[in-house]
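So the structure is just underneath, and the comments pick up after that.
What you see is a predicted model, and the numbers here were worked out from it, not measured in a lab. Here, residue 1 is the first one in the sequence, and each next residue gets the next number. Start at 1 and go down the list; that is how both ligands and their atoms are numbered.
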Amino acid sequence: MEDYFAPEEILRHLQNIVDFGKHVMKQFFGEKYVHYGEVVQLPLDFVKQLCLKIQSERPESRCDKDLDTLSGYAMCLPNLTRLQTYHFVEHRPILCVEIKPKCGFIPFSSHVSQEIKHKVCRYCMHQHLKVANGKWKRLSKYCPLDLFSGNKQRMHFALKSLLQEAQNNLKIFKNGELIYGCKDDQDSLSDWNELACHLKPFFFPANGMVNGPHCTRTIIKELIHVITMTLLSSTDSCRAGNVKTVPISRGRSYCEASAFSKELVRNGKNKMESSGLPRGCLLYKTLQAQMLDMLDIEGLYPLYNRVEQYLEEFPEERSTSQIDGPYNEAFYEKLLDLSTEDDGTEAFAFTKVQQYRVAMTAKDCSIMISLSPCLQDECSAQRPVVLASKSRFTFSVSVLDLDLKPYESIPHQNKLDGKIVNYYLKNVQAKDDPMMSNLFKENEDCTLVLHKV
Ligand SMILES: O=P(O)(O)O[C@@H]1[C@@H](OP(=O)(O)O)[C@H](OP(=O)(O)O)[C@H](O)[C@H](OP(=O)(O)O)[C@H]1OP(=O)(O)O
Ligand SMILES: Nc1ncnc2c1ncn2[C@@H]1O[C@H](COP(=O)(O)OP(=O)(O)OP(=O)(O)O)[C@@H](O)[C@H]1O
């Protein structure tokens, strides 16, 4: 049975989304990166026609969610596949890369019960379960810890891996139209050739290159370089840069399952570079918000149960606790309390639950990078510019999908965490090369492990 929501409930829900962007995410991520939009009213006829028109374009897996055609309320957002920073000459071609980076850190919480969670990141573990469940056909070599490392070599590897297996983590748009990503049955080689054809005029406008595999590789390299540079750029400053935040160095800075880490070990190198992210870049801000999950779901779940018990006893407290909004300044202020010492109070449990919801949101958001070619004499100090070998781009970086994750999804998170870890332990780690994990131990503890010969 479908849920029916009264128009005023839909309006409240949409207003909550806007408020959350405006009062919370904008503070964490920065003014320029967040576009929270506004709630608008639309004629019902228009909404119905729109719904019919887009139905065939929606991914099948999302079609269980119906579009609301009854309330007449909708969210109006800028088109983030276009440049956000300036009113730019519209007829210029625009390239947009959308990345859903997922969780970029390994839990550092002492509540974690399985050692593997301190070694292998959730994305890499989850990959195996997703392939087993048929969500994707192949494992991806992408590891979020490489992308969030700030080390260019690791970032290049992560981006190349995303280009090889885009899954739902990478999309590329040209002039607002999807040209890459979102297909599981893709043959990445022929797809790269097709992608390179689209990209060639952007990166080699003088057209001095012939086609072929060498040309494709060169163009893909240029693309990866440009994405890396924009991801490391700091085009905004915000309050969270000045307030106390979770030290980014907490937890391990690499994931044992990353193909990049494994390759290093195989080549006899045991030093994993993590150059660190510049404080102003969007990746850094995303990671900061993700790290509001300080207790891990294992430490958080008992607190969720405490909140549940309390609300059962005092249901009227649900509105004062702001679980369902309003997501205003006061809500934001409460999120800044980073203490992890449990004093046994409901207040502590409420704060940690809300922080966890914000962290979950940041773990599932997407980054949009829009690039538009510009000429040398058009560059000015106010316009961020990124250089490729034979071209230059002005760009904007934005964050997308910032609706606060529901309180009700916490039990699901808890179950899923167990499933991911158990599947990995049973089906993957058990079969892994034991030599490999010994090498990692050497690297981690800086002690010599003597192997029997
Ligand atoms: O739990 P995860 O990590 O699988 O994330 C879900 C995403 O799957 P992914 O792992 O990115 O393929 C999932 O992505 P897809 O819809 O499968 O592309 C959703 O973003 C889901 O959010 P929501 O429940 O629709 O609000 C996401 O659920 P939340 O956990 O963020 O609620
Ligand atoms: N403001 C925007 N500008 C450009 N593209 C967007 C914008 N918002 C969403 N998109 C595109 O639409 C995709 C889906 O967006 P999002 O996840 O926010 O939709 P949703 O409402 O959760 O979808 P669903 O109705 O399937 O649940 C994004 O991954 C992105 O490619």
Side-chain angles (χ1 to χ4, degrees), residues 10 13-14 17-18 20-21 25 33-38 50-51 54-55 57-69 74-84 94-104 121-131 133-136 139-140 142 144 162 165-184 289-290 293 297 300 356-370 396-421 423:
I10 304 252
H13 176 70
L14 294 179
I17 297 179
V18 173
F20 183 66
M25 288 324 222
Y33 296 131
V34 178
H35 305 274
Y36 48 81
E38 58 180 331
L50 184 74
C51 182
I54 63 163
Q55 195 54 36
E57 300 287 323
R58 296 183 70 204
E60 216 179 291
S61 58
R62 307 290 299 180
C63 287
D64 53 331
K65 287 194 176 180
D66 275 334
L67 219 83
D68 159 41
T69 51
M75 287 268 299
C76 177
L77 288 161
N79 182 351
L80 296 177
T81 62
R82 312 219 135 249
L83 279 182
Q84 294 312 306
I94 293 195
L95 207 59
C96 172
V97 179
E98 176 178 348
I99 298 171
K100 185 178 180 181
K102 302 296 286 187
C103 182
C121 83
R122 166 163 148 142
Y123 180 90
C124 288
M125 280 200 262
H126 201 176
Q127 273 293 304
H128 292 271
L129 187 63
K130 284 178 181 173
V131 170
N133 288 343
K135 180 167 182 172
W136 308 117
L139 290 173
S140 161
Y142 168 70
L162 284 178
E165 287 297 330
Q167 296 187 356
N168 58 354
N169 302 102
L170 176 84
K171 289 180 199 164
I172 303 178
F173 303 86
K174 189 168 100 176
N175 303 326
E177 216 170 284
L178 187 72
I179 57 161
Y180 195 81
C182 258
K183 283 182 277 165
D184 191 35
Q290 293 182 351
D293 168 15
I297 186 65
L300 193 274
Y356 181 76
R357 292 173 64 197
V358 175
M360 269 205 327
T361 308
K363 289 179 191 181
D364 199 41
C365 68
S366 296
I367 293 176
M368 302 284 266
I369 304 159
S370 300
S396 70
V397 183
S398 323
V399 61
L400 182 92
D401 218 353
L402 291 178
D403 339 353
L404 181 61
K405 294 286 176 182
Y407 166 77
E408 287 73 19
S409 71
I410 293 176
H412 162 75
Q413 284 297 324
N414 187 45
K415 273 203 203 110
L416 182 58
D417 181 69
K419 271 192 207 157
I420 293 172
V421 175
Y423 185 86

Quick one: nearest non-hydrogen protein atom to [atom], plus distance?
| atom | value |
| --- | --- |
| atom 13 (C) of ligand 1 | Lys100 NZ, 3.8 Å |
| atom 1 (O) of ligand 1 | Arg122 NH2, 2.9 Å |
| atom 28 (O) of ligand 1 | Lys405 NZ, 4.2 Å |
| atom 27 (C) of ligand 1 | Asp364 OD2, 3.5 Å |

Please state which part of [X] comes within less than 4.0 Å of ligand 1, counting heavy atoms only: side chain, backbone, both or neither.
| X | answer |
| --- | --- |
| His126 | side chain |
| Gln127 | neither |
| Lys135 | side chain |
| Gln413 | side chain |
| Asp403 | neither |

- Message: Show me which atoms of ligand 1 lie under 4.0 Å from any heavy atom of Asn168.
- Response: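 That gives atoms 9 (P), 11 (O), 12 (O), 14 (O), 15 (P), 17 (O), 18 (O) of ligand 1.
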
- Under 4.0 Å from any heavy atom of Lys65, which atoms of ligand 1 are there?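 Per the distance check, 25 (O).
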
- Compare His35, Met368, Glu98, Lys65 and give the one whose heavy atom is closest to atom 31 (O) of ligand 2.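 The option holding the nearest heavy atom is Glu98.
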
- Message: Would the distance check show the side chain of Gln290 and the main-chain N or O of Lys102 forming a donor-acceptor pair, the cut-off being under 3.5 Å?
- Response: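 Answer holds: yes.
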
- Message: Can a donor-acceptor pair be found, under 3.5 Å and without considering hydrogens, that links the side chain of Arg58 to the backbone of Lys65?
- Response: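 Between the backbone of Lys65 and the side chain of Arg58 there is a qualifying donor-acceptor contact (under 3.5 Å).
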
- Message: Below 4.0 Å, non-hydrogen atoms only: which portion of Asn79 touches ligand 2? Side chain, backbone, both or neither.
- Response: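 Both backbone and side chain of Asn79 come within 4.0 Å of ligand 2.
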
- Identified side-chain hydrogen bond (donor to acceptor under 3.5 Å, both in side chains) counterpart of Gln167 within the set Lys130, Lys135, Gln127: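 Filter result, single survivor: Gln127.
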
- Item | Protein heavy atom under 4.0 Å of atom 15 (O) of ligand 2 |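 Neighbour list for atom 15 (O) of ligand 2 is empty of protein heavy atoms (cut-off 4.0 Å).
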
- Item | Worked verdict on Lys363 versus Asp293 for salt bridge (charged side-chain N to carboxylate O under 4.0 Å, His left out) | CA-CA 10 Å; Lys363 289 179 191 181; Asp293 168 15; 2.7 Å; yes

